[in-house]
Amino acid sequence: MGLIVGNWKMNTTVTSAIMLANAVKVQIEGQFGPEVVVCPPYVSLYSVSETLRGSRISVGAQNMHSETNNGAFTGEISAEMLAQICQYVIVGHSERRTYFSETDLFINLKLLAALSAGITPILCVGEKREDRDSGRAHDIVSSQLDANLNGMDLDSKIVVAYEPVWAIGTGQSASPEIAQDMMFHIREILADLLGNQSEAIPLLYGGSVNEDNIGVYVSQADIDGALVGGASLNAGAFCRLIANASRTER
Ligand code: PEP
């Protein structure tokens, strides 16, 4: 069926987040298509989840802390807090790995905490430009998956997003061949780590996806949908992207 996730990053106020969520809801209401998730900033999660109640759109958080005990972690949000209002949470986004120095171990702990709170983690992996240029892209992604999925129950519900760092927010999306090649590699690693259960894991491509190029990604053999940043901030463009994803699903 496919999955399209909109990551709003540090955009929207509470008011504009409600308006954006409502506009997407109204435009796709009654349409058949991929599962849709929107990930607003923390402060809008509750309002957006109320706005979307009863619709076919799920809500995800953009981040969480790994700590499972409540307590003295000023400014942090736990999986237990998110579980009342979110079905998904993004972990390991490259912006968090880069700007906030998040390590593979920290991301692994977040993923495990999300799972034990009943939230589906959307794990982001992907290589930097210099890794691709030096032929290390596959190795980087393998080692991220190895480390980030450590200790996970084999039948856990997760989503994996391949997001080459050089393609995020740059307008330089990966070619469908590059994306499919890496997705095939990811499928092999997941099969090694998790066995048959891995076939049920949706694989998303992320990196400058828009309404014009979504079709070529979702028609690839191992791509089940997309993680969308910039193009998810305009309701019309996002809804056209969703419609184009369902038209061209393989
Ligand atoms: C992202 O935020 O994960 C992303 C892929 O952003 P963009 O679509 O803007 O490249």
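Only this structure's heavy atoms are used, side chains among them; waters, hydrogens and symmetry mates stay out. Note that ligands are numbered from 1 as they come in the structure, with each ligand's atoms numbered from 1 the same way.
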- Atoms in ligand 1 flagged as close to His93, the criterion being non-hydrogen separation under 4.0 Å: 1 (C), 2 (O), 3 (O)
- for atom 5 (C) of ligand 1, nearest protein heavy atom and its distance come out as Glu163 OE2, 3.0 Å
- Query: Can Asp224 and Arg187 be counted as an ion pair, charged N to O under 4.0 angstrom?
  - Reply: yes
- Single hit among Leu190, Val159, Leu3 for side-chain contact (heavy atoms from CB on, under 4.5 Å) with Leu203: Leu190
- Option of least heavy-atom distance to atom 10 (O) of ligand 1 (set: Gly169, Gly229, Gly230, Ser232): Gly169
- Number the atoms of ligand 1 from 1 as they appear, then name those within less than 4.0 Å of a heavy atom of Ile168, with their elements. 4 (C), 6 (O), 10 (O)
- Test side-chain hydrogen bond (donor to acceptor under 3.5 Å, both in side chains), reference Glu102, set His93, Arg97, Lys110, output is Lys110
- Atom indices of ligand 1 within 4.0 angstrom of Lys9 heavy atoms, with elements: 1 (C), 2 (O), 4 (C), 6 (O)
- With a cut-off of 4.0 Å, which atoms of ligand 1 are near a heavy atom of Gly207? 5 (C), 10 (O)
- Linking I/L/V/M/F/W/Y whenever their side-chain heavy atoms sit closer than 4.5 Å, directly or via other members, would Val43 and Ile18 fall into one cluster? yes
- Return yes if some donor-acceptor pair links the side-chain N/O of Asn150 with the main-chain N/O of Ala147 below 3.5 Å, else return no. no
